[in-house]
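Structure record follows, encoded as structure tokens.
This chain uses plain numbering: 1 for the first residue, then up along the sequence.
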Amino acid sequence: HVAGVGASAGGLEAMLPMFAGMQATGRIAYVVAQHMAKDGHDELVVRLIQRASALPVVLATHGVLMLADTIYVIPSGKDGQVQDNSLQLQDPAPENISTPSVNVLLQSIARQCRANGIGIVLSGTGSDGATGCRAIKAAGGITFAQDPQEAKFDGMPLAAIDARSVDQVMPAQQIAARLASLFPGQPASCWTLAQHDASALIWAQPPQMEPEPDEAAHQELKVLLRQ
């Protein structure tokens, strides 16, 4: 299974508790499309997610083969599409104002994964993700939206819900437990550094060992994520 996670403003705050509760079941690879300004500080975004995440986090590279129990973050200035078992990066189409595009990612998951596709829409302004969730649902997959009352910005979750493209609505943190109950299993075996480009890996040290981003970095990140 492949789960596409889409978010914009306020999405990082939603992702942290969600990924903190993720269980390794050996059945799901996660791909994150978080709206960012072009040339954003991708590694800082990935490090912030990894500090909270129960699963390893990778800054996606073009053509990377996706592994279960791994989170892939699409870099700024690119769109990402799932093709077979890999993630393909491409320059955004002119009509995609916010990138990485959530719809582009989710629609590719619908095409490639069919009933094994999962769509998750978290906090954000606008409506990116609604069309992608509709595609996943139509292909037999399952879709989630963060509870709009919990989301810092409810535009994206509400757009997907209003489009009747969402199967389940809940607080972000509860999505992790729900996925574990729907897709139980054992952790993926033999996850090694050699399976990915070492330059893309942001999890070599345990989260508690990583340096804390300073306040200036946090403020810059808020700008990069257009919050």
Side-chain angles (χ1 to χ4, degrees), residues 1-7 10-34 42-61 64-75 80 82 85 87 100 102 105 109 113 116-123 141-147 150-152 157 168-198 200-213 218 221 225:
H1 296 74
V2 177
V5 181
L12 192 60
E13 291 95 325
M15 272 188 265
L16 299 186
M18 183 183 75
F19 283 132
M22 286 296 180
Q23 299 180 35
T25 65
R27 297 185 64 184
I28 306 174
Y30 302 86
V31 184
V32 173
Q34 162 71 58
D42 303 316
E43 291 192 1
L44 178 56
V45 174
V46 175
R47 285 187 184 279
L48 289 172
I49 296 174
Q50 180 62 84
R51 283 171 53 217
S53 176
L55 303 176
V57 183
V58 174
L59 181 60
T61 54
V64 63
L65 293 178
M66 295 182 297
L67 303 175
D69 301 335
T70 308
I71 300 165
Y72 299 86
V73 177
I74 300 172
V82 172
N85 294 323
L87 186 60
V102 181
L105 171 63
I109 291 174
C113 302
N116 290 330
I118 303 167
I120 302 170
V121 175
L122 303 176
S123 172
I142 188 169
T143 56
F144 297 84
Q146 182 182 10
D147 185 342
E150 178 197 61
K152 186 173 181 180
Q168 301 189 29
V169 179
M170 61 189 67
Q173 188 172 15
Q174 294 181 16
I175 295 174
R178 185 60 179 149
L179 288 174
S181 68
L182 289 171
F183 307 105
Q186 298 298 317
S189 61
C190 301
W191 204 110
T192 66
L193 289 172
Q195 291 172 296
H196 287 96
D197 180 352
L201 293 164
I202 314 296
W203 73 293
Q205 295 181 349
Q208 64 269 25
M209 297 294 290
E210 293 180 355
E212 295 287 333
H218 274 296
L221 182 61
L225 298 184

Item checked: Steps toward side-chain contact (heavy atoms from CB on, under 4.5 Å) verdict (I71, M22) -> CA-CA 10 Å; I71 300 165; M22 286 296 180; 5.6 Å; no

Separation between CG (L59) and CD (Q50), nearest 0.5 Å, reads 12.5 Å

Residues V102 and A33: closest non-hydrogen pair is CG2-O, 3.8 Å

Q.
I'd like to know if the side chain of E150 reaches the main chain of P171, judged simply by a donor and an acceptor atom lying under 3.5 Å from each other, with no hydrogens or angles considered.
A. no

Looking only at heavy atoms, the pair that brings L16 and L48 closest together is CD2-O, 3.5 Å

Sequence neighbours excluded, the answer for side chain to side chain donor-acceptor pair (under 3.5 Å) partners of Q168 is R178

- Message: Between I175 and L122, is the side-chain contact (heavy atoms from CB on, under 4.5 Å) condition met? List the steps.
- Response: CA-CA 11 Å; I175 295 174; L122 303 176; 4.2 Å; yes

Are the side chain of R27 and the backbone N or O of A68 linked by a donor-acceptor pair below 3.5 Å?
no

Closest non-hydrogen contact found for I109 with G117 is CG2-CA, 3.6 Å

Result for side chain to side chain contact (heavy atoms under 4.5 Å, CB included) between M15 and one of I49, I120, V73 points to I49

Would you check if T25 and P184 make a side-chain contact, meaning some heavy-atom pair closer than 4.5 Å?
no

Going by the angle between their ring planes, with limits at 30° and 60°, are F19 and Y30 parallel, tilted or perpendicular?
-> perpendicular

On a heavy-atom basis, the closest approach of Y72 and L65 is OH-O, 3.5 Å

Self-check item: D69 (side chain) donor-acceptor with G26 (main chain) under 3.5 angstrom
Solution: yes

Run the side-chain contact (heavy atoms from CB on, under 4.5 Å) test on N116 and H1 for me, step by step, so that the C-alpha distance in whole Å, both residues' side-chain angles and the decisive distance to 0.1 Å come before the verdict. CA-CA 5 Å; N116 290 330; H1 296 74; 3.2 Å; yes

message = Apply side-chain contact (heavy atoms from CB on, under 4.5 Å) to residues Q174 and D147 and explain how you reach the verdict.
response = CA-CA 10 Å; Q174 294 181 16; D147 185 342; over 6 Å; no

So CZ of R47 and CZ of R51: to nearest 0.5 Å the spacing works out to 10.5 Å

For A151, the side-chain contact (heavy atoms from CB on, under 4.5 Å) test, sequence neighbours excluded, returns S123, Q146, P157

Closest heavy-atom pair, G4 versus L105, reported as atoms and distance to 0.1 Å, is CA-CD2, 3.9 Å

Under 3.5 Å donor-acceptor, Q34 side chain and P100 backbone:
no

Correct closest heavy-atom pair for L87 and G80 would be CD1-C, 4.2 Å

